[in-house]
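I have placed the structure first, in the form of structure tokens, so that the comments after it can refer back to it.
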Amino acid sequence: MSVIAVQSVKMVTAIVLLSVFFLSGALAVCQQRTPLFITAPKEMEALSGSCLQIPCNFTVKPEEAFDSARTIFGVWIKSRTDFGKKSQNVIFNSSRMDNIYPVSLTGDLSQNNCTTLFSNLITNYTDRYFFRIENGPFRSTASCDPLQITVKDSPPRPSIEISGDLKEKESVTITCSAFTPCPHSPPELTWTLQQDPHNKIEENTDGTFTTKIQTTFTLSDEYDGFNITCSARYPVNEGKDFKTAEERTTLSVSHSPRDTSVVISPTDPVSVGSVVNLTCSCRGNPVVNFVWFMTSDGRLEMIKVDAQVYGFTVTSSDRGRLYYCGCRNDLDIQLSTGHQLVFEGDQQSGLIGVQVIVKILGIILLVSTLVIFECWFRSRSSTKPMKANSVLTCLPS
């Protein structure tokens, strides 16, 4: 690292440390000078046209002249704490009948509860706010505990959480949550998982609220790639209008191979000397490995590995042979049904007998195929543990 770079790092570190020091010092001085403190979120977001409930409790230093038996008035000031010099910043005072902002104190001040409800919010209400108490000779502003309120025209997007292992046959719980700044007019949540979800409102540890819908179900391979959309519909303007936000996610469910099959190109019938490609297709998550087998004269041979396509030139020896492809991932294996080449001229004669033989041969050789297939993967991936209930035994060659 160059000298200039080292000096730059040292300078940035010093600035950060000094900032922390001075901020901590300023807060300590503030707390020494201020007798009133509130417990409330430091920042809150709200939706224009809706309301905002501010969870709030206050404490007063014991040596102060605060008396809960006397009449208590609550005051909210925006931007600055200069109560006397900037009286136009007083947006609410519970001692007045008319106030600049539509605000109401819903908490019981005699119980040190200063919970407040802002109604009919507009974006111009975005500002920093301070709470003040007036109680006879005791009058103080909680200048150490400002609350930043941000009012937006668009609602926040809900969040989707998934708990559990995303694997077939496993049970998972999916939850969609939406921040609820106005519990008196909560959002309505809907999603693509079920038709009539039950919305429930939960109180968070800081006194704010969240609306949730939740469901638990067992996964199958059909859910792999399934798109979940959760919509939060917020009522605004006293329920006359609505604003909607959406969140989407796609499930990735691990599952064993499915629908393994063989496709020949060009299609049957074939002729000696022609070139054909056998393509193995299946679906599985994660990505599968491919292996090819051939049965000839009652013998089973592994002919190609790690290839989805097996291509070859047709010879007369290929008549009567049966071709299989296998798909395997970390969860399980699956074999295709056997595919036998149809030669030109075979369509009209002896085809039914061949089909019967193919079916019988396929059944007889299926177990042998699984044994060899499993043995090949076991030798190829010797570090992977085998299934405890596996009854396959690898025989020496």
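Just so you know, these numbers use all the heavy atoms, side chains as well, and skip hydrogens, waters and symmetry mates.
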Quick test of your reading of the model: are [X] and [Y] salt-bridged, counting only N-O distances below 4.0 Å?
X    : Y    : answer
D145 : K42  : yes
K212 : E161 : no
E246 : R157 : no

Please tell me whether [X] and [Y] have a donor and an acceptor in their side chains that are separated by less than 3.5 angstrom.
X    : Y    : result
N135 : R70  : yes
T175 : Q214 : yes
N277 : S265 : no
D127 : S79  : yes
T150 : E45  : no
T180 : T211 : yes
T123 : S48  : no
S143 : T34  : yes

field: Worked verdict on E170 versus T218 for side-chain contact (heavy atoms from CB on, under 4.5 Å)
entry: CA-CA 5 Å; E170 294 291 330; T218 301; over 6 Å; no
Distance check, rounded to the nearest 0.5 Å: [X] atom [atom1] versus [Y] atom [atom2]?
X    : Y    : atom1 : atom2 : result
R319 : S296 : CZ    : OG    : 13.0 Å
N285 : R258 : CG    : CZ    : 11.5 Å
I122 : Y101 : CD1   : OH    : 7.0 Å
H184 : Q53  : NE2   : CD    : 4.0 Å
I174 : T215 : CD1   : OG1   : 7.5 Å
S256 : D221 : OG    : CG    : 7.0 Å

- prompt: Under a single-linkage rule joining Ile, Leu, Val, Met, Phe, Trp and Tyr whose side-chain heavy atoms are separated by less than 4.5 Å, which residues share a cluster with V275?
  reply: none
field: Close side-chain approach of C176 and W191, heavy atoms under 4.5 Å
entry: yes
query: So do the side chains of T141 and L36 get within less than 4.5 Å of each other, counting heavy atoms only?
result: no
So which heavy atom on [X] is nearest to which on [Y], and how close?
X    : Y    : result
H255 : D224 : NE2-OD2, 3.4 Å
I38  : A142 : CG2-CB, 3.9 Å
P102 : Y125 : CD-OH, 3.3 Å
P187 : A178 : CG-CB, 4.1 Å
L52  : C182 : N-CB, 4.5 Å

field: Aromatic ring proximity, centroids under 6.0 angstrom, Y323 and F293
entry: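 They do not qualify: ring centres at least 6.0 Å apart.
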- prompt: Are the ring centres of F66 and F138 closer than 6.0 Å?
  reply: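 Centroid separation for F66 and F138: below 6.0 Å.
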- line: The side chain to side chain contact (heavy atoms under 4.5 Å, CB included) partner of I54 among I149, T106, T115 is I149
field: Residue among F73, W76, F92, F37 satisfying ring pair (Phe, Tyr, Trp, His ring centres under 6.0 Å) with F131
entry: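 Per the ring pair (Phe, Tyr, Trp, His ring centres under 6.0 Å) rule, the option paired with F131 is W76, out of F73, W76, F92, F37.
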query: Taking the six-membered ring for Trp, are Y223 and F217 parallel (under 30°), tilted (30 to 60°) or perpendicular (over 60°)?
result: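 Taking F217 first and then Y223, their aromatic rings sit tilted (interplane angle of 30° to 60°).
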task: Return yes when the gap between the SG atoms of C280 and C327 is under 2.5 Å; return no otherwise.
output: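 With an SG-SG separation of 2.5 Å or more, C280 and C327 do not form a disulfide.
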